[in-house]
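Below: the structure, in structure tokens.
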Number of protein chains: 2
Amino acid sequence: MTASGRPANSTHKAAIRQENEAQILAAAERVFADYGFKGATTARIAEVANVPKANVHYYFATKEALYRRVIENVCSQWLEAAMTFENTANPATILRGYIEAKMDLSRSNPYGSRVWAHEIVRGAKFSSDYISTTVKDWLDGRVRIIRRWIAEGKMDDVEPYSLMYMIFATTQHYADFSSQIEIFNDNQPLSDAQFADAKENVVRIILRGVGLI
Amino acid sequence: MTASGRPANSTHKAAIRQENEAQILAAAERVFADYGFKGATTARIAEVANVPKANVHYYFATKEALYRRVIENVCSQWLEAAMTFENTANPATILRGYIEAKMDLSRSNPYGSRVWAHEIVRGAKFSSDYISTTVKDWLDGRVRIIRRWIAEGKMDDVEPYSLMYMIFATTQHYADFSSQIEIFNDNQPLSDAQFADAKENVVRIILRGVGLI
DNA sequence: ATTTATCTTGACCGTTTGGTCAGGTTAAAA
DNA sequence: TTTTAACCTGACCAAACGGTCAAGATAAAT
């Protein structure tokens, strides 16, 4: 019988699986953000996810497999922000859009950014393949675009890699070092207005810094 | 008898203590940089320091005490760089000196920077007192100086905190994310020439970005 | 020469860790 | 209704963990 209880067909079990995996992944992202790979414990992840520890291992064979899935999710979020570099507007608009997208991502998803920070600070042991292929290809493409802008006299002759590293560092700083920023801000998280102001200042300094304003 | 073997007076034991403590602290800095507080193990620190694990606990009662000592060392290094903000030269010279000092520190002592990164990413549990007193006082002082420069029309009207965060983020990025930068740089650490070039670009973009060039 | 204080370390301990598993429940398929 | 496949979990395990300790080695003080 396909028309009785709540679920129409055989998607109920699949829905349970999807929901539990999502719940565990969300918990893992938070715990990995706080402690990094080695410092995080499966017991704590289970506690945050509100499931027995054995259930975590039912859905994810090992702690490492779970960690890899979290890293994959973080990367795919990053690729979304990267897309804002693709449109054909003028350099100032493109750079502004990218910086704002990255800062918004840091604010809406601070856990992912912090997981990434832990991962790279520790030496990128699990993500070096991804960085040396997908991310490097993307970055080299953007560097070529910037070099073209420079050749066309649209902006100052700055080293594109230095510029991109500056954008990476500054935008992610607001997520990765939020605890420090919060202390400086009289123990209050940045308000929406403060964050919008910070965003505008970052965009202004960088655009003016490379001669686009 | 004070004139027999190698050591002159009763400083021999003290020298042993000092040397062993330094060796263990150096090893701890490296291991904490790689794994953070929770992820690091005293066994690994002992292995890197080339002493038995029990000896680590002879000189430092607990892992936490050892960690606090490492954090203190990192902070005192940071204060040295902070001093370059004190001289009475013009704004461009002061900012350039500070940025260069911080980037040089990141290069000469990448482990300390990464320990700090782990500590803050995790929520500054051990260093919040230090940040909310020493560091915050220092930062607020620099913010006042920058506001004065702005009021005197020496530079653009930018939010000083945003500027300082940008400097923190960018300069430390070269230490904290060095594994990522290395991958982007064809799996080679930045050469001295590349690093000098990066430093010059960071200084240029920021100084121009706030209207000091 | 003897005492005393510090340094050194292998062996050990209770706890926490990632991971397993048997036995149960639930729901889709036959 | 029965069978089957997926989901669930308390109890358990070997390994790794931070930390302890007794007993020995070394060197300063008496």
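By convention in this document, chain letters (A, B, ...) are assigned in the order of the sequence lines, proteins followed by strands, and residues within each chain are numbered from 1. Remember, it's a predicted structure, so these values are computed and weren't measured experimentally.
Summarising the geometry, the separation between OH on B:Tyr67 and P on D:dG18 is reported as 14 Å, rounded to the nearest angstrom. Straight-line distance from the CD atom of B:Glu21 to the P atom of C:dT6: 14 Å, rounded to whole Å. Whole-Å rounding puts the A:Tyr59 OH to C:dG18 P distance at 20 Å. Distance, B:Tyr35 OH to D:dA16 P: 14 Å, rounded to whole Å. For the pair B:Lys63 NZ and D:dG19 P, the interatomic distance rounds to 8 Å; values are reported in whole Å. Between the CD atom of A:Glu47 and the C1' atom of D:dT9 there is a distance of 16 Å, rounded to whole Å. At whole-Å resolution of the value, CD in A:Glu64 and P in C:dT17 are 19 Å apart. Between the P atom of C:dT15 and the CZ atom of A:Arg44 lies a distance of 21 Å, rounded to the nearest Å.
The phosphate of C:dT6 (OP1 or OP2) has no side-chain N or O of B:Arg17 nearer than 4.0 angstrom. For A:Tyr58, no side-chain nitrogen or oxygen approaches OP1 or OP2 of C:dC21 to under 4.0 Å. In this model, the phosphate group of C:dG10 is not approached by any side-chain N or O of B:Asn55 to a distance below 4.0 Å at OP1 or OP2.
Side chain of B:Ser113 to backbone of B:Pro110: no donor-acceptor contact under 3.5 angstrom is found.
Within the nucleic acid shown, B:Ala40 comes within 4.0 Å of sugar-phosphate atoms alone, with no base atom in reach, counting heavy atoms only.
Of the candidates C:dG10, D:dG19, C:dT8, C:dG10 carries the atom nearest the B:Ala54 side chain, counting heavy atoms from C-beta on. With C:dT20, D:dC8, C:dT9 as the choices, the nucleotide that has an atom nearest any side-chain atom of A:His57 turns out to be C:dT20. Distance from the side chain of B:Lys53 is smallest to D:dG18 among D:dG18, D:dC8, C:dG19.
Remark: B:Arg204 does not engage A:Glu159 in a salt bridge, criterion side-chain N to carboxylate O under 4.0 Å. Between B:Lys199 and B:Asp192, no side-chain nitrogen of the basic residue sits less than 4.0 Å from a carboxylate oxygen of the acidic one, so the salt-bridge criterion is not met.
Nucleotides of DNA chain D nearest to A:Lys38 and A:Val56 differ in position, and the one nearer the 5' end is that of A:Val56.
Donor-acceptor pairing under 3.5 Å is recorded for the side chains of A:Gln194 and A:Asn185.
Ring geometry for A:His173 versus B:Phe168: interplanar angle of 30 to 60°, hence tilted.
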